Each structure stands twice: as structure tokens, then as C-alpha cells.
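See structure below.
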Protein chains: 2
Amino acid sequence: MFKPVKQNRIFQDVVEQIQDVIISGQLAAGEKLPPERELKETFAISRGTLREALRVLEQKRLIDIQLGAGGGAIVREVTPEVIVDGLSLLIRSQKIPLEYLKEFRLDIEGNIARLAADRASAEDVAGLRDILKRAKDSLDFHEGWEAYVDADACLHMTLARITGNTIYEYIQTAIHKNINRYYVEFLEHEESVLCHHYKDLCDIVDAVASGDGEKACDKMRLHLKRLGQ
Amino acid sequence: MFKPVKQNRIFQDVVEQIQDVIISGQLAAGEKLPPERELKETFAISRGTLREALRVLEQKRLIDIQLGAGGGAIVREVTPEVIVDGLSLLIRSQKIPLEYLKEFRLDIEGNIARLAADRASAEDVAGLRDILKRAKDSLDFHEGWEAYVDADACLHMTLARITGNTIYEYIQTAIHKNINRYYVEFLEHEESVLCHHYKDLCDIVDAVASGDGEKACDKMRLHLKRLGQ
DNA sequence: CTATCTTCAATGGTCAAACCATTCAAAATA
DNA sequence: TATTTTGAATGGTTTGACCATTGAAGATAG
């Protein structure tokens with residue numbers, strides 16, 4: 001019912017005040033906060049304390065700091081990118097049961113495939129086929145594991161971008177920029193396994209190209225399920 | 001191809017060093033970092049700079065700071081809770097197109113309902129019915145809008161908890177603790193609308209109770225779609 | 001007059017030393 | 001033995017100084 005009372009730290013209060021001003025829109029993206037030496041007077045605190053507050057706001061991606069004359073704290077646009085840090089940390093730490101992550105991916109990526117199929121333009125499909133070609137080349141010319149995984153990640157992220165929903169885009173970014181160390185252990189380097197993997201990708205792109213959302217979703221889920229065993 | 005080179009800030013380097021030690025497991029959850037006055041010697045930096053690094057790590061939920069003798073920075077367990085801040089910020093700022101958020105919720109909550117139906121125990125179902133009763137009481141006794149919305153949020157979050165997948169649990173937490181200001185404008189206070197809304201919730205719980213995942217998913221998605229118009 | 005170079009002021013980054021506030025445990029006291 | 005007092009450990013804050021980077025104004029050369 002009650003929550004533990006947090007110790008009153010001055011910088012926390014400053015963080016909340018500035019954050020409120022930003023997310024309420026009183027300070028729009030691109031606008032600049034006063035210089036540190038002025039802000040510290042406004043809040044009647046020391047510069048060190050103010051700077052601790054600025055570090056927190058920076059970490060939250062609410063401000064950017066620029067150096068030099070005319071520099072200072074600039075209010076950033078709030079975009080779904082703010083979810084990347086937390087999700088990346090979660091994946092990288094490997095402290096989350098793998099089955100949870102797989103379940104979540106199955107859900108998310110299945111829907112991404114479905115939405116992408118519904119919304120892909122001709123150019124989008126062409127872009128996907130280009131990526132497939134990159135993947136195939138890396139197999140044919142034995143460019144190695146790295147090149148193939150790159151193409152694979154690119155394909156998944158491109159599908160997310162095609163949905164147009166930036167939430168999916170950033171979730172996918174966070175996952176694929178951090179998940180390598182997870183499935184580097186599962187995905188065999190064997191040629192035959194990679195070929196099978198590549199075939200899956202082709203099926204998915206074909207489904208997207210034909211605009212069949214359900215099929216794309218199914219193919220993607222099938223693909224991910226195979227990956228995890 | 002290249003990324004802009006970030007300015008070399010000492011505290012950033014310290015953040016990365018400590019973070020790496022934590023997520024690599026060299027420092028386990030519950031263990032304590034050395035006191036500030038000792039750490040500053042180790043890194044050969046000033047205390048102010050070290051404290052800026054600690055603020056960042058604290059914001060990332062990697063450490064907790066305790067006051068007083070024997071206090072200090074304690075390594076936290078990395079849980080899916082790390083995703084809450086970013087998602088909360090995203091929703092609260094209202095800078096994301098509402099349609100994206102709705103699409104994401106439709107996806108997530110549909111799957112939550114499906115998984116909950118597959119996994120709910122008898123006690124889980126009893127708990128859901130209790131929450132439904134709370135909602136109905138708030139309608140029958142005209143306890144007002146607040147009480148009903150509370151029960152509604154509680155139901156959604158309980159479903160997430162029933163899935164057992166903590167990722168869903170924290171996503172649902174972030175959404176329902178911040179979305180009120182969004183749909184407070186959509187959901188009519190009219191008795192008839194609330195009754196319809198309540199009926200939806202009953203359908204969902206019934207589907208979960210019967211273990212019919214597909215039906216639960218459909219009912220939930222139907223419910224959310226109605227909400228948004 | 002234009003183009004380049006120099007200088008300087010604004011601003012964030014860092015350091016150092018001090019003092020305050022909180023907490024816990026040991027020592028003193030009833 | 002139980003309570004109170006004291007003091008040390010540790011985070012929170014302040015002040016003032018100096019460094020590094022940047023951009024613009026002014027000086028200089030062509």
C-alpha cells in the first residue's frame with residue numbers, strides 16, 4: 001500500500017523539475033537550457049549537484065550536451081529510441097531466462113512480419129531481396145559467418161522499419177544489436193544449417209512480397225522456433 | 001559507415017568499466033562497490049567525476065546507493081524492470097503517434113491474454129474474478145471513475161503476471177501506470193459505456209478461465225479496438 | 001574589400017578540500 | 001542487562017579554482 005520514502009536528494013528534485021518541463025512541452029526539442037553557471041543560481045544549488053542532475057537527464061536521453069562557446073544542454077526529441085537502453089541492458093546482461101526472451105521475440109517478430117507484409121511497397125520488397133542476395137553471396141563465396149549474421153540482422157531490422165511503427169523498429173534494433181552473443185552458441189556454422197536458415201528467410205520475404213500477412217507471421221515464427229533448438 | 005566520435009569524458013569511461021564488471025557477472029547482485037573515497041583513488045579521478053558516473057549507473061538501475069556507515073553502492077539484480085523507465089517516458093511524453101502505441105498494445109496484450117489462458121491456475125482465475133468483482137462494485141455503488149480504472153489496470157497487469165514472463169509483466173506495468181492521461185479522453189464516463197467495457201472484461205476472463213487462448217486473444221484485441229474509437 | 005589568422009570570451013569538464021547528514025556499531029552509563 | 005552516548009564511516013553538498021573546446025569578433029595580410 002505504501003512505498004518506501006526515498007531520501008531527499010537535491011539533484012533528484014532538479015531532475016524531476018527539468019524533466020517535467022520537457023515532457024510537458026514547455027521546453028521543446030532543440031531548445032537550449034541556460035548554462036550551468038546560470039542554472040545553478042536559478043535552483044540555488046552548487047554546480048556539482050546540478051551536474052549530477054544533468055548526467056541523469058542525459059542518460060534518460062532527454063538532453064544532449066554540447067561543448068564550447070554557445071554549447072550547453074539541448075532538449076532532445078523524445079522518440080521510441082528511449083526504450084533501447086533498457087532493453088539492450090536486459091539482453092546483454094543475460095540475466096533473463098532465455099525462454100522469456102524467445103517467447104517475446106516470437107510474439108514481436110511474428111507481428112512485425114505480418115504488418116510488413118500488409119504494408120510493404122515495391123521498393124521495400126526490392127530492398128529485402130537485395131539483403132537476401134547479400135546473405136546468399138556470403139554463403140556462396142564463403143565470406144564467413146559474420147557477413148551472413150549481418151545480413152540476417154539487417155533483414156529483421158528492415159522488416160521492422162517497413163511496418164512504419166517506430167516502436168517495433170527500436171525494439172528490433174535493441175534485440176539484434178545485442179542478441180548475437182546469445183545465439184552464437186546455437187546457430188551451427190555448418191553449411192547445411194546455414195542454407196536451411198537462408199531458405200527460411202527467403203520464405204519470409206516471399207510471403208511479405210505476396211502481401212500475405214498470416215503466412216509471413218507463420219513463417220517467421222517457424223523460423224525463430226527452429227533457431228532456438 | 002562511421003559513427004560520430006564522442007567526446008572523451010572521464011565519467012563515461014568509468015561508467016563503462018563498472019557496467020562491464022556488473023553485466024559480465026564479476027560483481028554479482030548484492031555485492032558492494034568500494035566507498036567513493038576509495039574508488040576515486042582506484043580510478044585516479046576526483047570525487048565529483050566519480051559521483052557523476054555513479055548517478056548514471058544508478059539511473060540505469062545497475063546500482064543502489066545506501067546512506068550512512070556501511071552504506072555505499074550496491075549492485076542490483078538486472079531484471080526486465082530496466083525497460084520500465086524508457087517505456088514510461090515514451091508514453092508520458094505523448095510524443096509517439098497514438099496509432100503506433102495502439103498497434104503495439106494490440107499485439108502485446110493479445111499475446112498476454114493468449115498465454116494467460118494457457119497457463120492460468122485455479123487460483124489465478126479466482127484472483128481475476130475478484131478483480132472483476134471490484135470493478136462491478138465500483139459501478140454498482142457508483143464509486144466513481146477512478147476506482148473502476150484502477151480495477152481495469154489491475155486486471156491487465158494480473159494477466160501479464162499470470163503469463164509468468166516478466167518481460168510482459170514490466171511492459172504492462174509501464175503502460176498501465178502511464179497511459180491514463182491518454183485514454184482519459186476517450187473512455188466515456190457514461191454508465192452504459194462503462195457497463196459495456198465491464199462486459200468485455202468478463203468475456204476475457206471467461207476465455208482465460210476456459211483455457212481458450214485464441215478466444216482470450218480475440219476478446220482482448222476486440223476490447224482494445226473498441227477502446228480507441 | 002576579401003580571406004585568413006589571432007585572440008578572447010563563453011561554456012562544459014575536472015579537480016581539490018572542506019563541511020554536513022545519516023547510519024551503525026562500539027563504548028559508556030544507568 | 002538494557003539503555004544512552006559517542007564517534008567513525010560514508011554519501012550529499014558547497015565553494016572556488018583551473019583546464020579544454022568552441023565559436024565569434026577583431027586583427028592582419030593579400
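Chain naming here is simple, since letters A, B, ... match the order of the sequence lines and numbering starts at 1 in each. Just so it is clear, the values below take in all heavy atoms, side chains as well, and ignore hydrogens, waters and symmetry mates. Since we're looking at a predicted model, the values are computed, not measured.
- Across the protein-nucleic acid pair, B:Ile10 atom CD1 and C:dG13 atom C1' stand 8 Å apart, rounded to whole Å.
- Atom-to-atom, CG of A:Asp13 to C1' of D:dG12 comes out at 14 Å; the value is rounded to the nearest Å.
- Under the salt bridge (charged side-chain N to carboxylate O under 4.0 Å, His left out) criterion, B:Asp13 pairs with no residue at all, not counting sequence neighbours.
- Residue A:Leu50 contributes atom CG, which lies 12 Å from atom P of D:dT13 at whole-angstrom precision.
- Residues passing the salt bridge (charged side-chain N to carboxylate O under 4.0 Å, His left out) test with B:Asp130: none are found, sequence neighbours excluded.
- To the nearest angstrom, C1' of C:dG12 lies 10 Å from CD of B:Glu52.
- Following rounding to the nearest Å, B:Asn8 (CG) and C:dG13 (P) show an atom-to-atom distance of 12 Å.
- In this structure, the salt bridge (charged side-chain N to carboxylate O under 4.0 Å, His left out) partners of B:Arg129, at least two apart in sequence or on a different chain, are B:Asp206.
- Of the candidates C:dA18, C:dG13, C:dC15, C:dA18 carries the atom nearest the B:Arg47 side chain, counting heavy atoms from C-beta on.
- Taking the side chain to side chain donor-acceptor pair (under 3.5 Å) definition, one finds that A:Lys40 meets it with nothing, sequence neighbours left out.
- Atom CZ in A:Arg51 sits roughly 15 Å away from atom C1' in D:dT15 (whole-Å rounding).
- Applying the side-chain contact (heavy atoms from CB on, under 4.5 Å) rule to B:Ala216 yields the partners B:Ala113, B:Ala117, B:Ala207, B:Val208; only residues at least two apart in sequence or on another chain are considered.
- For C:dG13, neither phosphate oxygen OP1 nor OP2 lies less than 4.0 angstrom from any side-chain nitrogen or oxygen of B:Thr49.
- Regarding B:Ile74, its CD1 atom lies at a distance of 10 Å from the P atom of D:dG11, rounded to whole Å.
- Heavy-atom distances under 4.0 Å link DNA chain D to A:Arg37, A:Ile45 of residues 28-45 of chain A, given in residue order.
- With B:Asp124 contributing its side chain and B:Ser121 its backbone, the two residues share a donor-acceptor pair below 3.5 Å.
- There is no side-chain donor-acceptor pair under 3.5 Å between A:Asp85 and A:Ser88.
- Taking the side-chain contact (heavy atoms from CB on, under 4.5 Å) definition, one finds that B:Thr158 meets it with B:Leu128, B:Ile131, B:Cys154, B:Arg161, B:Ile162, sequence neighbours left out.
- Using a 4.0 Å cut-off, some side-chain N or O of A:Arg55 falls inside it from OP1 or OP2 of C:dG13.
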Expected list for residues 26-34 of chain A: side-chain donor-acceptor pairs under 3.5 angstrom, two or more places apart:
{"unit_1": "A:Gln26", "atom_1": "NE2", "unit_2": "A:Ser24", "atom_2": "OG", "d": "2.9"}
{"unit_1": "A:Glu31", "atom_1": "OE2", "unit_2": "A:Ala28", "atom_2": "N", "d": "2.8"}
{"unit_1": "A:Lys32", "atom_1": "NZ", "unit_2": "A:Gly70", "atom_2": "O", "d": "2.7"}

Please produce a list of atom pairs where a protein N or O lies less than 3.5 Å from an N or O of nucleotides 21-26 of chain D.
{"unit_1": "D:dT22", "atom_1": "O2", "unit_2": "A:Ala69", "atom_2": "N", "d": "3.1"}

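- The distance from atom CG of A:Leu54 to atom P of C:dG13 is 9 Å, rounded to the nearest whole Å.
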